[in-house]
Amino acid sequence: MESAYYEFGTAAERWDRAQLFFDAKEYVTAARILGGLVDEVPEQVAPRLLLARAYYHSARLAKAEAELRIVVERDPVEQYARLMLGRTLERRGRAAEAATHLRMAAALSGEFPTTGPPQA
């Protein structure tokens, strides 16, 4: 496909197209579309988070990590970004670093450890 196809249409149309490709598990194509959207509206979290997911599912883990770190920096309480960052770091063999983000994601979702006596 030509690159013009990915750039064609409004931001909303490209967002819809990227979601269709993502849902069809065409993660590389979805990432290509989302990359342009993220460049166009860098302040929006949703396109960047979906881009990170597309990178994760296409095993481009360094790129996924970079996008997730931007999301977490801009929105420190974004639970799903914390979870994804933790999982990405695990896949990259950085379990200790991942644990911090996974614990925070669990806390943000209301999951607290059940081991040990209750704290007063």
Side-chain angles (χ1 to χ4, degrees):
M1 284 187 227
E2 289 182 25
S3 64
Y5 172 76
Y6 302 105
E7 300 163 2
F8 179 76
T10 66
E13 290 168 337
R14 287 179 283 141
W15 170 250
D16 289 341
R17 187 177 311 123
Q19 288 181 308
L20 288 172
F21 277 107
F22 186 90
D23 291 343
K25 298 182 180 177
E26 294 288 337
Y27 302 118
V28 173
T29 304
R32 189 169 177 184
I33 297 166
L34 290 162
L37 280 174
V38 166
D39 289 343
E40 191 174 314
V41 287
E43 69 283 354
Q44 291 188 5
V45 171
R48 191 175 299 276
L49 192 53
L50 190 58
L51 176 59
R53 290 178 63 202
Y55 284 150
Y56 178 87
H57 288 298
S58 61
R60 294 187 284 176
L61 301 177
K63 288 184 174 198
E65 179 184 347
E67 295 300 330
L68 290 164
R69 288 193 182 278
I70 292 169
V71 171
V72 167
E73 181 181 304
R74 291 182 181 176
D75 188 357
V77 296
E78 170 53 60
Q79 183 268 337
Y80 191 70
R82 291 277 181 183
L83 177 65
M84 285 280 314
L85 182 54
R87 290 186 178 167
T88 300
L89 293 169
E90 282 180 329
R91 279 183 73 184
R92 298 194 76 196
R94 294 160 47 197
E97 191 178 351
T100 301
H101 295 286
L102 293 173
R103 279 193 307 272
M104 186 161 308
L108 289 168
S109 71
E111 298 173 24
F112 297 99
T114 58
T115 59
Q119 299 292 321

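Just so you know, residue 1 is the first one in the sequence shown, and it goes up from there.
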Which pair of non-hydrogen atoms, one from V41 and one from P47, has the smallest distance, and what is that distance? CG2-CG, 4.5 Å
CG (L89) and CE (M84) are apart, to the nearest 0.5 Å, by 10.5 Å
Is there a donor-acceptor contact under 3.5 Å from the side chain of R48 to the main chain of P42? yes
Where is the tightest heavy-atom contact between G86 and A98, given as atom of each residue plus distance? O-CB, 3.1 Å
Aromatic rings H57 and Y27: how do their planes relate, parallel, tilted or perpendicular, breaks at 30° and 60°? parallel
Between R69 and E73, does any NZ, NE, NH1 or NH2 come within less than 4.0 Å of an OD or OE carboxylate oxygen? no
For the CD atom of E65 and the CD1 atom of I70, what is their distance to the nearest 0.5 Å? 11.0 Å
Looking at every heavy atom in both R91 and Y56, which two are closest together, and how far apart are they? NH1-O, 3.0 Å
In the single-linkage hydrophobic clustering (I, L, V, M, F, W, Y; side-chain heavy atoms under 4.5 Å), do M104 and Y80 co-cluster? no
For A105 and Q79, which heavy atoms make the closest approach, and how far apart are they? O-CG, 3.3 Å
Please determine whether residues V38 and W15 belong to a single hydrophobic cluster, defined as Ile, Leu, Val, Met, Phe, Trp and Tyr linked transitively by side-chain heavy-atom distances below 4.5 Å. yes
Are L50 and V72 connected into the same hydrophobic cluster when the rule is that any two of I, L, V, M, F, W, Y join if their side-chain heavy atoms are below 4.5 Å apart? no
Under 3.5 Å: donor-acceptor pair, side chain of R14, backbone of I33: no
Counting heavy atoms not belonging to R87, are there more than 12 under 6.0 Å from its CZ? no
Check: L37 and Q44 side chains under 4.5 Å, non-hydrogen atoms: no
So CG of L83 and OG1 of T88: to nearest 0.5 Å the spacing works out to 9.0 Å
Point-to-point distance, once rounded to the nearest 0.5 Å, from CG of L34 to CD of E40: 12.0 Å
Heavy-atom distance under 4.5 Å between the side chains of E78 and L49, does that happen here? yes
What distance do L85 atom CG and R94 atom CZ have between them, rounded to the nearest 0.5 Å? 8.5 Å
Closest heavy-atom contact between A18 and A30? O-CB, 3.6 Å
To the nearest 0.5 Å, what is the distance between CG on L20 and CD on E26? 11.5 Å
